[in-house]
Asker: 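Dropping a structure here in structure tokens format, bear with me for questions.
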Amino acid sequence: MKRLALLFFLLGCSNAVTNPNDFKILSDFKKGLENPDLLKWPNTGRDPCGPPVWPHIGCSKGRVTAIQVQGLGLKGPLPPNINQLSQLKNIGFQNNRFNGNLPSFSGLSNLQYAYLNLNRFETIPLDFFRGLSNVMVLALDNNPFNQSFGWSIPSDLADCTRLVNFSCSSCNIFGEVPSFFGKLSSLSSLMLSSNRLSGGIPLSFSGSLLQILWLNNQEYGGMNGSIGVIGSMVLLTKLWLHGNQFTGPIPESIGSLTSLRELNLNGNLLVGLIPPGLARLNLQLLDLSNNMFMGTMPRLSAAKVSYASNSFCQPDPGLQCDPQVNALLEFLKYVEYPVSLASEWKGNDPCAGPWWGISCNPSKEVSVVNMKSMMLNGTVSPSLSLLSSLVEIHLEGNYLQGRLPQNLTMLRSLRLLDLRGNDLEVPLPKFPTNVKVVYDTPSSPSSHETSDVDGNVAHSTKSRFGIILASAALLTLVAVLAIIFCLMKRRRRKNGDVESSASGGIRTFEASTSPIFSLSSLREVTDNFAQENILGRGGFGVVYKGKLKDGTMLAVKRMESGVMSDKGTSEFQTEITVLSSVRHRHLVSLLGYTGEGNERLLVYEYMPQGALSRHLFYWKMMDLEPLSWCKRLIIALDVAKGVEYLHSMAHYTFIHRDLKSSNILLDHELRAKVSDFGLVKLALDSGTSFATRLAGTFGYLAPEYAVTGRITTKVDVFSFGVILMELVTGLVAVDEQRPEEKQYLVDWFWKIKEDRETLLACVDPALNVDEDGHDSIMAVAELAGHCTVKDPSRRADMGYAVSVLARLVETWRPHEGMSRCSSTRSEMPLPELVKSWKEEDRVAALNAPSQSHH
Ligand SMILES: *[C@@H]1O[C@H](CO)[C@@H](O)[C@H](O)[C@H]1NC(C)=O
Ligand SMILES: *[C@@H]1O[C@H](CO)[C@@H](O)[C@H](O)[C@H]1NC(C)=O
Ligand SMILES: *[C@@H]1O[C@H](CO)[C@@H](O)[C@H](O)[C@H]1NC(C)=O
Ligand SMILES: *[C@@H]1O[C@H](CO)[C@@H](O)[C@H](O)[C@H]1NC(C)=O
Ligand SMILES: *[C@@H]1O[C@H](CO)[C@@H](O)[C@H](O)[C@H]1NC(C)=O
């Protein structure tokens with residue numbers, strides 16, 4: 001009887017037999033997998049939609065509506081025509097090992113939930129998002145999509161108007177955050193951490209109802225611009241912007257974000273005072289570390305607060321600043337907190353130095369404010385009138401606008417006020433007759449003609465002298481920059497026929513003559529900059545592979561036309577000058593360059609094995625052999641030698657500033673060279689530090705550099721220490737996906753490095769070393785510690801790293817039965833090998849162009 005009922009039931013449902021095409025696609029899916037058994041799908045021709053329905057499948061009316069195979073460990077591709085399962089509502093593919101090309105989902109208009117995260121899909125098609133008109137959740141995180149070129153989010157996604165959650169962290173997205181996200185009215189969570197995004201937070205986000213916004217840790221410098229727009233995103237609960245280059249202050253209106261629970265701004269270039277409203281929020285996490293926030297740090301009740309490495313006036317929250325400091329910070333606010341000053345003006349005593357542009361009298365009162373030609377924008381703050389001992393104010397050569405505050409006329413000691421070359425409103429307020437006011441005559445505002453207003457008092461030579469002293473450092477800086485600039489200009493005009501000069505005690509360097517490549521020849525060798533020749537993408541452009549007629553390979557760095565602002569140009573010129581003068585076996589050589597029209601191209605030697613990061617972190621994905629311990633030691637030594645060379649050149653020091661495993665390139669023998677000197681700046685004699693633009697990549701940045709922007713060679717030593725940690729653990733410097741205590745490699749490594757057992761348990765599992773190896777690893781771990789000491793003065797230097805590593809390489813004897821360092825010359829016993837490299841280094845140094853000066 002029961003059987004009969006079943007038979008009737010089956011007959012009654014005969015119209016529910018699975019759609020044959022759906023059936024075929026499921027079968028193809030299964031067939032394509034390397035481990036299909038994990039699905040537990042029947043091998044007989046039994047119908048997927050049952051009864052009973054196959055495991056992990058959902059059906060409705062004979063059509064497949066759901067596939068839920070999350071976490072099964074499946075390996076293989078998805079069928080290319082999966083979008084013919086047109087009734088699919090629910091896809092759970094996450095947390096498997098799916099690879100190959102992600103097929104298009106175009107046209108899946110019933111799809112609501114799609115989880116594809118935590119897989120190994122290698123590409124994502126352009127039309128993937130087309131027609132997903134009902135999709136609510138798209139999770140694509142942690143897939144190596146289009147690894148080498150990166151990809152940008154196609155505009156089709158703008159039509160997915162019901163989208164609630166979109167996440168694609170660690171997805172290789174480059175370009176700007178599309179502004180359409182601000183117009184998707186249902187969108188509540190946008191997670192795009194750890195991509196290659198650049199540019200600002202779109203203004204369209206103003207007033208958006210987003211609750212979660214994660215834009216942290218973008219590679220290659222990251223996003224920039226103001227974070228002002230967040231002040232109007234009142235539903236935000238989690239805002240993660242850390243590890244970018246955002247600038248400007250926290251908006252005052254942050255106090256209206258009453259739902260906010262997590263705010264992470266760590267490691268940006270943010271400036272200004274902490275708005276009082278922030279202290280009223282009921283936060284669980286607040287991280288303000290590694291910015292240039294100033295003034296008083298308010299007392300906060302958040303469960304987890306970090307604010308280290310800023311320019312606060314007091315070490316502890318809640319303590320007020322000195323009135324002189326408050327007045328000066330208010331002045332800075334009116335000129336938009338220029339980074340040069342925000343990074344310098346820290347602590348609670350402007351007279352203790354090094355407060356750029358501020359001089360004091362012996363009673364420790366501010367007597368001179370010298371802001372000549374500081375590119376200040378904005379208006380003059382009345383707060384200057386609170387500095388009652390001011391004798392001279394120099395504001396000439398800026399972009400100041402608006403009305404000069406009347407209050408300044410009350411300054412009793414003031415004798416000189418220089419306002420030339422600004423755009424201030426006239427008439428100026430009337431100053432007492434003993435004040436010499438210098439300004440442009442209204443009839444010729446751009447000229448530097450001056451006139452005295454009511455003034456007839458000669459100013460004191462003493463204070464004049466003070467200004468000259470105060471300006472000296474600035475002038476030196478300007479002079480150096482000017483000389484470099486002139487040199488560059490001349491070089492460009494002469495199309496590569498370079499000469500240099502040394503003058504006025506300022507050293508410049510002689511560049512070796514680089515062969516000139518024409519634009520057309522570079523077009524030719526790169527197949528007109530063909531996509532398939534892209535080797536990688538950097539902060540300033542794309543690197544292409546090129547092949548000369550004689551078979552020589554080249555790497556051509558093409559600066560993006562969009563970034564050819566002044567900044568890009570000077571960076572480009574710095575790179576040429578530096579690189580063409582520096583030749584070393586462990587530094588990637590610049591072979592030539594061209595600067596025709598808008599194009600700026602640099603030609604480098606080609607490094608066939610690409611970046612160290614590929615071999616350390618992505619070797620599985622890219623089908624490479626993991627690096628043996630021996631190779632890692634040799635790579636570390638190569639890098640140390642290259643950087644040591646940079647640090648110790650004859651009369652000046654080059655500081656790399658952006659040392660990281662993706663900037664270390666390997667040749668066909670896996671020998672390393674340091675690349676990307678785009679950020680190298682010229683530092684005058686050792687010991688001099690330049691507070692210039694912050695560069696470097698989050699996770700490798702020395703704390704003192706992140707905080708003050710102050711550069712010494714120790715900044716590179718710190719980054720090198722982080723690379724050593726990567727070599728030991730096989731973990732990248734920063735990874736938000738790791739458990740919290742492991743996210744920042746340096747911090748975690750410091751915790752584990754002391755105890756041998758703990759450390760050895762954390763060694764890269766791809767390494768297969770014995771007891772001897774363990775000693776070697778412990779020694780490198782110790783060196784990594786020396787290189788990352790917080791206090792730069794107690795940190796090791798590169799010479800020390802070279803000597804430690806050289807000793808380790810020399811004494812490293814692979815154990816019997818273990819594979820040797822297999823370079824092409826590895827037939828030689830290792831000590832001989834080391835000797836032969838030393839000889840090569842020596843010969844290479846002899847052949848290097850002379851670094852001496854005129
Ligand atoms: C990703 O790469 C593939 C293959 O190179 C390409 O066809 C596809 O258009 C790329 N995807 C995007 C979104 O650019
Ligand atoms: C979107 O993500 C949030 C936070 O992860 C989660 O609470 C919410 O349930 C998700 N929404 C949907 C529709 O899945
Ligand atoms: C942000 O960086 C880009 C280059 O990536 C640059 O063109 C742009 O001017 C920068 N914007 C701001 C506001 O600094
Ligand atoms: C002020 O504006 C000028 C021109 O608009 C710009 O070149 C300069 O960099 C700005 N200065 C600062 C400190 O932002
Ligand atoms: C400057 O003067 C204005 C009005 O004259 C006054 O409101 C303001 O408090 C003064 N500012 C300072 C810093 O003294």
Side-chain angles (χ1 to χ4, degrees), residues 89-92 94 111-115 117 134-139 141 160 162-167 169 174-177 184 186-191 193 196-203 209-214 218-229 235-238 240 244-248 259 261-262 268-271 323-324 326-331 333-334 336 338-339 377 379-388 390 403-411 429 537-542 559-572 678 693-695:
K89 269 195 175 129
N90 220 319
I91 288 180
Q94 71 271 33
L111 188 66
Q112 294 180 349
Y113 298 90
Y115 294 91
N117 44 313
N134 273 302
V135 78
M136 297 198 291
V137 175
L138 275 169
D141 316 64
C160 302
R162 305 187 63 181
L163 195 61
V164 178
N165 286 354
F166 183 76
S167 61
S169 294
F174 78 86
E176 303 204 350
V177 175
L184 289 173
S186 305
L187 193 66
S188 113
S189 167
L190 180 62
M191 301 177 175
S193 312
R196 308 172 187 176
L197 294 169
S198 55
I201 305 176
L203 290 176
L209 302 180
L210 270 179
Q211 297 177 19
I212 299 178
L213 179 60
W214 289 0
Q218 301 302 328
E219 269 183 67
Y220 309 131
M223 297 183 63
N224 61 3
S226 152
I227 60 168
V229 64
L235 294 189
L236 280 173
T237 58
K238 294 182 187 178
W240 290 6
N244 281 294
Q245 302 208 20
F246 290 115
T247 50
S259 304
R261 294 295 171 267
E262 294 183 8
N268 281 287
L269 301 170
L270 297 169
V271 294
Q324 293 202 103
N326 280 334
L328 286 167
L329 296 188
E330 184 78 1
F331 167 78
K333 178 177 174 180
Y334 277 63
E336 301 163 9
V339 166
N377 296 323
T379 56
V380 180
S381 162
S383 71
L384 283 182
S385 65
L386 299 172
L387 299 167
S388 55
L390 271 179
R403 193 167 272 286
L404 193 71
Q406 181 75 36
N407 312 36
L408 297 192
T409 60
M410 321 263 277
L411 282 166
R537 246 170 237 283
F540 283 89
V542 182
M559 316 301 271
E560 277 163 31
S561 54
V563 303
M564 288 318 294
S565 57
D566 284 350
K567 188 174 99 185
T569 310
S570 67
E571 202 116 355
F572 171 75
R693 201 171 68 79
L694 273 168

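Each ligand, and each atom within it, is numbered from 1 in the order the structure gives.
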Asker: Any nitrogen or oxygen of Asn407, main chain or side chain, under 3.5 Å from a nitrogen or oxygen of ligand 5?
Answerer: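 Yes: some nitrogen or oxygen of Asn407 is under 3.5 Å from one in ligand 5.
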Asker: Just to check, does Ser385 reach to within less than 4.0 Å of ligand 5 when the distance is taken from its heavy atoms?
Answerer: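 Ser385 counts as a contact of ligand 5 under the 4.0 Å cut-off.
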Asker: Based purely on interatomic distance, does Asn224 place a nitrogen or oxygen under 3.5 Å from a nitrogen or oxygen of ligand 3?
Answerer: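 In this structure, Asn224 places an N or O atom under 3.5 Å from an N or O of ligand 3.
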Asker: Give every pair made of an N or O atom of ligand 2 and a protein N or O atom lying under 3.5 Å apart, one pair per line with both atom names and the distance to 0.1 Å, or write 'none'.
Answerer:
from, atom 1, to, atom 2, distance (Å)
ligand 2, 2 (O), Asn165, OD1, 3.4
ligand 2, 2 (O), Asn165, ND2, 2.2
ligand 2, 11 (N), Asn165, ND2, 3.0

Asker: Considering only heavy atoms of Gly225, which atoms of ligand 3 have at least one such atom less than 4.0 Å away?
Answerer: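 Selected atoms, number and element: 13 (C).
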Asker: Considering all heavy atoms of both residues, which atom of Leu386 and which atom of Ala327 are nearest to each other, and what is their separation?
Answerer: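 That closest heavy-atom pairing would be CB-CB, 4.1 Å.
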Asker: With sequence neighbours left out, what residues match Pro405 under side-chain contact (heavy atoms from CB on, under 4.5 Å)?
Answerer: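 Only Val380, Pro382, Asn407, Leu408 meet the side-chain contact (heavy atoms from CB on, under 4.5 Å) criterion with Pro405.
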Asker: Which residues satisfy the side-chain contact (heavy atoms from CB on, under 4.5 Å) test with Glu330, sequence neighbours excluded?
Answerer: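 Only Lys333, Tyr334, Ser381, Ser383 meet the side-chain contact (heavy atoms from CB on, under 4.5 Å) criterion with Glu330.
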Asker: Check step by step if side-chain contact (heavy atoms from CB on, under 4.5 Å) holds for Leu210 and Leu187.
Answerer: CA-CA 6 Å; Leu210 270 179; Leu187 193 66; 3.8 Å; yes
Asker: Work out which heavy atom in Pro429 is nearest to a heavy atom in Gln406; give both atom names and the distance.
Answerer: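 In terms of heavy atoms, the two residues are closest at CB-OE1, 3.6 Å.
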Asker: So, using side-chain contact (heavy atoms from CB on, under 4.5 Å) as the criterion, who are the partners of Asn134 when residues are at least two apart?
Answerer: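 side-chain contact (heavy atoms from CB on, under 4.5 Å) check on Asn134 returns Arg162.
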Asker: Going through the distances and angles, do Ser188 and Ile212 end up as a side-chain contact (heavy atoms from CB on, under 4.5 Å)?
Answerer: CA-CA 6 Å; Ser188 113; Ile212 299 178; over 6 Å; no
Asker: Between Ser169 and Ser193 (side chain of the first, backbone of the second, donor and acceptor by atom type, cut-off under 3.5 Å), is there such a pair?
Answerer: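 Yes; judged by distance alone, with no hydrogens or angles, the pair exists.
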